[in-house]
Protein chains: 2
Amino acid sequence: MDPRRLLIFRTVARSGSLSAAAAELGWTQPAVGQHMQRLEREAGVPLLLRSARGITLTEAGTALLVHADAVAARLAAADAELQDFAALRTGSVQLVAFPSAAAVLVPPALAKLTPALDVRLTEAEPPEAVAQVLAGTADVGIVFGYADDPPLPTELVCLPLASDPLRAVVPLDHRLARRRRPIDLAELADERWIAGCPRCEANLRRLTTAAGFMPDIRHRTDDYVVVQRLVAESLAVTLLPQLALTAAPAPTVRAVPVRTEPRSIALVHRVEHALTPGVQALVAVLR
Amino acid sequence: MDPRRLLIFRTVARSGSLSAAAAELGWTQPAVGQHMQRLEREAGVPLLLRSARGITLTEAGTALLVHADAVAARLAAADAELQDFAALRTGSVQLVAFPSAAAVLVPPALAKLTPALDVRLTEAEPPEAVAQVLAGTADVGIVFGYADDPPLPTELVCLPLASDPLRAVVPLDHRLARRRRPIDLAELADERWIAGCPRCEANLRRLTTAAGFMPDIRHRTDDYVVVQRLVAESLAVTLLPQLALTAAPAPTVRAVPVRTEPRSIALVHRVEHALTPGVQALVAVLR
DNA sequence: TAACCTTACGCTGGTCGTAAAAATA
DNA sequence: TATTTTTACGACCAGCGTAAGGTTA
């Protein structure tokens, strides 16, 4: 059974005549008549009793009208729900961000969004975040990247958000603590070091190699609060991105500008979601 | 929203890929793809996430699938119900018949029908029965007609069922009670008469006029039981159709063949109901 | 007459198929 | 390579409009 004809039948049944239904549909009388003929032929049962005063439903027609009404109601409900998605009156977006972005960038962005959009935040370091977006576990990811990162799969869209400079973090009484001009990394060649997550450590090694030394790594943690406490006790120095320092500013350490390439912060999502209203809205407030 | 595309979307969602859906529908892949593109454009929201392993539903797509399933279920229910009507597993027919037909012709006919067809009998004399069928209050009418009746409206179909000869009904001790050969109406010119319903009385007057006399009408009733009791008491004679005598055979009177035109018994229904299974079935067992 | 219905027929446009290219595993 | 997708384009037929005819109130 062709569902379009069922809806035309509904219009005919409710309006009382083929011509009235045609007017309602913006068609001509024969167009509606042909549809009803085909519907009745396919049904195998007369549905309408024609007369010069319009139409009356047969018993089968009356029964069919109930179903037609139900179908029309469902279609209207489907339409309304899709419009809710399109107008951001409903829908949810899974957002995954690395910790300091989750702390600094995400909350003010979410505050700008309509509360009808259900954004759910989880934390993950970039490699895992990208994997989640690829797998569909997350819709939008906030990640950071270093200069020589491999390119992302073409399935993903990458929107640069900001450039995040690295700072050298030293104790308050360090000899470089009061320097205003950017220092060279080589000036920290003889320090003890704290390394962060694997990618950050790889980046650190790349930078120090370029600066001509091998860092003496004593501790490893990607927790920027712990890092700063270790530095405060003069146990080591480290490089931290400005974002992490903004997330947890510690008066017990000193962040000194250093001549290194900044890391880049970017937003990723699957290409198909370029038109998904929820993703679109979230991307818009994050940029 | 085009309901056909909703059903195609349902097939796609359930089969997991455009190509699998196309195979299921007996179409090609691009045909399905074009439908989905249009559906998404009209929806204003992406519904499918395409990949090389097939498709995944977006959140909006998942919501839409629920409605699509509901629509499909309703369409199936509508189809099933129409087939029930077509196969006489359901449905009802309003039958209106004049009293003696209701007594003699209808019961054995109904006994031959499937009990799933709900036939409802009411009694009415022909003029009213025809009016009911015209108005749609009844679907099938059993009526009788005389030679010079006006033609029926073209909106009605008339199927002759039988020819019903008239009998002269006289007391057992009447001088004509033992006659085997048909009598002439003129032989009853001097009797007292009982007339029936208005149409029957008109027919009686037409016949007697042709036979050359005016009947001395003493009583009027269309109840053929009452008629026969009156005759049994030798209060009058009358003409009764054979059908009425079959309905209520009375040993206390004598029915003698008489040379008159018989009345005709016919079945009427609206032309549109020629294809209605219930009407068709009822007509078939009544013929 | 006016309103409803059909039937007949021409033309448009939706929609399906074919063919080729692109992307992923 | 095999399977998925998309895009482009051609052809067909469903379906709408126009026009004419029939029936009832």
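All chains are named by letter (A, B, ...) in the order of the sequence lines, taking the proteins before the strands, and each is independently numbered beginning at 1.
Looking at heavy atoms from C-beta onward, Thr276(A) lies out of side-chain contact with Gln280(A) at the 4.5 angstrom threshold. In this structure, the side chains of Val96(B) and Glu123(B) stay at 4.5 Å or more apart for every pair of heavy atoms.
By the 4.0 Å N-to-carboxylate-O rule, Arg199(A) lies close enough to Asp149(A) to be salt-bridged with it. Glu155(A) has a carboxylate O that lies under 4.0 Å from a charged side-chain N of Arg270(A), or vice versa, which qualifies the two as a salt bridge.
If you check the side chains of Ser92(A) and Glu59(B), you find a donor sitting under 3.5 Å from an acceptor.
Remark: Glu42(B) pairs with Arg5(B), Arg38(B) by the salt bridge (Lys or Arg N to Asp or Glu O under 4.0 Å) rule, at least two apart or across chains.
Annotation: of the two residues near DNA chain D, Arg5(A) and Gln37(B), the 5′-most nearest-nucleotide partner is Gln37(B). Where Asp2(A) and Ile55(B) meet DNA chain D, the nucleotide closest to each residue was compared, and Ile55(B) sits on the side nearer the 5' end.
Whole-Å rounding puts the Leu49(B) CG to dT4(D) C1' distance at 15 Å.
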### Leu159(A) vs Val283(A), side chain to side chain contact (heavy atoms under 4.5 Å, CB included): CA-CA, chis, key distance, verdict
CA-CA 9 Å; Leu159(A) 298 169; Val283(A) 168; 3.6 Å; yes
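Nucleic acid contact class of Gly33(A) (heavy atoms, under 4.0 Å, all strands): none.
Relative ring orientation between Trp27(A) and His35(A) is described as parallel, the plane-to-plane angle staying below 30° on a 0-90° scale split at 30° and 60°.
Protein chain A touches strand DNA chain C; the 5'-most and 3'-most nucleotides with an atom under 4.0 angstrom of its non-hydrogen atoms are dC4(C) to dT24(C).
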### Summary
Its contact letters, B for base, S for sugar-phosphate only and - for none at protein heavy atoms under 4.0 Å, make nucleotides 16-25 of chain D read BBBB---SSS
